[in-house]
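To keep things clear, I will list the structure first and then write my remarks on it.
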Amino acid sequence: MLTYRSNTFIPELVSVIKKLAENQSFDGSCTDAAGRLLAVLSGQVKQGKILEIGTGFGVGSAWMLSAIQPHVQFVSVDLEEHKVKLVRNNLNHPQATFMCGDWKEVIKFGPFQFVFADAAAAKTIEGELLIDILEVGGLLFMDDFTPEEHWPEQWRGKRDPLREFWLNHENLSATEIYLTPTSSAILAAKNNKNR
């Protein structure tokens, strides 16, 4: 199999922050496959705001900030203050704001053109609030899904309420995409309500 630069390149900013996460023994960072897609998606936002829910130790943030356009603001929120402080101190970017708190407190800063919902709480049905803060045409990205063919035996044949909610929502054009053979994500665009 051939190796392509786009499948192996890691920006310097991401490498630095990945080391921070490793030093904290944190294994919940977004994968490089998800990060590369985040960079592509966030790089398409020409103006406005990007929201990340679930800063962690900033790996997803670094991927997005490595591709951010000059007139775009980036906001990331996490419940854990020590994580936010470390990221704020190590990922000093003029377009970025890192906040500690509940993601529902941050939605007042919308609307957003792109939302990366990484925290599990934002992926629940309660996350419908995210649709309200997205501009029409805005994108919502959620990773850390397991393709159904890789579910454990006890899950097989059962309904997945999260997939049903996000993939069938009338205000979204959504699809599940494979990031690797064993991991997937949901990518959705907000529809015009008058359609």
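Because only heavy atoms are used, hydrogens play no part in the values below, and waters and symmetry mates are left out as well, while side chains stay in.
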Please round to the nearest 0.5 Å and tell me the distance separating atom [atom1] of [X] and atom [atom2] of [Y].
| X | Y | atom1 | atom2 | result |
| --- | --- | --- | --- | --- |
| Glu12 | Ile17 | CD | CD1 | 10.5 Å |
| Phe141 | Ile50 | CZ | CD1 | 13.0 Å |
| Phe26 | Glu80 | CZ | CD | 8.0 Å |
| Phe9 | Ser15 | CZ | OG | 8.0 Å |
| Leu139 | Leu134 | CG | CG | 8.0 Å |
| Ile107 | Leu51 | CD1 | CG | 9.5 Å |

More than 12 non-hydrogen atoms from neighbouring residues, nucleotides or ligands closer than 6.0 Å to [atom1] on [X], yes or no?
| X | atom1 | result |
| --- | --- | --- |
| Lys108 | NZ | no |
| Asp27 | CG | no |
| Asn92 | CG | no |

Grab the two heavy atoms, one from [X] and one from [Y], that are nearest each other, plus how far apart they are.
| X | Y | answer |
| --- | --- | --- |
| Leu13 | Ser66 | CD2-N, 4.1 Å |
| Met64 | Phe114 | SD-CE2, 3.8 Å |
| Asp78 | Gly54 | OD2-C, 3.5 Å |
| Val45 | Gln69 | O-CG, 3.1 Å |
| Val59 | Ala21 | CG2-CB, 4.1 Å |
| Thr55 | Ser61 | CG2-OG, 4.0 Å |

Beyond-backbone contact of [X] with [Y], side-chain heavy atoms, under 4.5 angstrom:
| X | Y | result |
| --- | --- | --- |
| Ile133 | Leu129 | no |
| Trp103 | Leu130 | yes |
| Trp63 | Cys30 | yes |
| Arg88 | Thr97 | no |
| Thr146 | Ser184 | no |
| Ile53 | Val115 | yes |

> Any sub-3.5 Å donor-acceptor pair from Lys49's side-chain atoms to Gln73's backbone N or O?
Replying inline: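 No; zero donor-acceptor contacts below 3.5 Å.
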> Is the backbone of Thr8 close enough, under 3.5 Å, to the side chain of Arg36 for a donor and an acceptor to pair up by distance?
Replying inline: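 Here the side-chain-to-backbone pair exists.
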>> What I want to find out is whether Glu164 reaches Arg159 closely enough, with some N-O distance under 4.0 Å, to be called a salt bridge.
In response: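 The answer is yes: the pair qualifies as a salt bridge.
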> Quick one: do Glu22 and Lys18 make a salt bridge, cutoff under 4.0 Å?
Replying inline: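 The answer is no: the pair does not qualify as a salt bridge.
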>> What verdict does the side chain to side chain contact (heavy atoms under 4.5 Å, CB included) test give for Lys123 and Asp144, after you've listed the backbone C-alpha separation in whole Å, the side-chain angles of each residue and the deciding distance to 0.1 Å?
In response: CA-CA 10 Å; Lys123 296 175 189 174; Asp144 298 330; 3.7 Å; yes
> What orientation do His82 and Phe57 show, parallel under 30°, tilted 30 to 60°, or perpendicular over 60°?
Replying inline: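 Judged by the thresholds at 30° and 60°, the geometry between His82 and Phe57 is perpendicular.
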With clusters defined by side-chain heavy atoms of hydrophobic residues (ILVMFWY) lying less than 4.5 Å apart, directly or transitively, does [Y] cluster with [X]?
| X | Y | result |
| --- | --- | --- |
| Val84 | Met99 | no |
| Val87 | Phe74 | yes |
| Leu187 | Phe116 | yes |
| Val136 | Val72 | no |
| Met142 | Leu179 | no |

> Would His169 and Glu128 count as a side-chain hydrogen bond (donor to acceptor under 3.5 Å, both in side chains) if you check the C-alpha gap in whole Å, the side-chain angles of each, and the deciding distance to 0.1 Å?
Replying inline: CA-CA 9 Å; His169 199 286; Glu128 180 156 19; 2.8 Å; yes
> Which one of Thr175, Asp160, Ile131 satisfies the side chain to side chain contact (heavy atoms under 4.5 Å, CB included) criterion with Trp166?
Replying inline: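 Considering Thr175, Asp160, Ile131, a side chain to side chain contact (heavy atoms under 4.5 Å, CB included) with Trp166 is found only for Ile131.
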> When you look at Phe165 and Leu162, which way does the side chain to side chain contact (heavy atoms under 4.5 Å, CB included) test go after all the steps?
Replying inline: CA-CA 5 Å; Phe165 179 79; Leu162 287 183; 5.6 Å; no
>> Could you walk me through whether Arg163 and Glu176 satisfy the salt bridge (charged side-chain N to carboxylate O under 4.0 Å, His left out) test, starting with their C-alpha distance in whole Å, then the side-chain angles of each, then the deciding distance to 0.1 Å, before giving a yes or no?
In response: CA-CA 9 Å; Arg163 277 184 173 87; Glu176 184 172 357; 2.7 Å; yes
>> side chain to side chain contact (heavy atoms under 4.5 Å, CB included) for Leu41 and Leu37? Distances and angles first, verdict last.
In response: CA-CA 6 Å; Leu41 295 171; Leu37 184 54; 3.8 Å; yes
>> Checking Val77 against Asp102 for the side chain to side chain contact (heavy atoms under 4.5 Å, CB included) test, could you report, in this order, the C-alpha distance in whole Å, the side-chain angles of both residues, the deciding distance, and whether it holds?
In response: CA-CA 7 Å; Val77 61; Asp102 187 307; over 6 Å; no
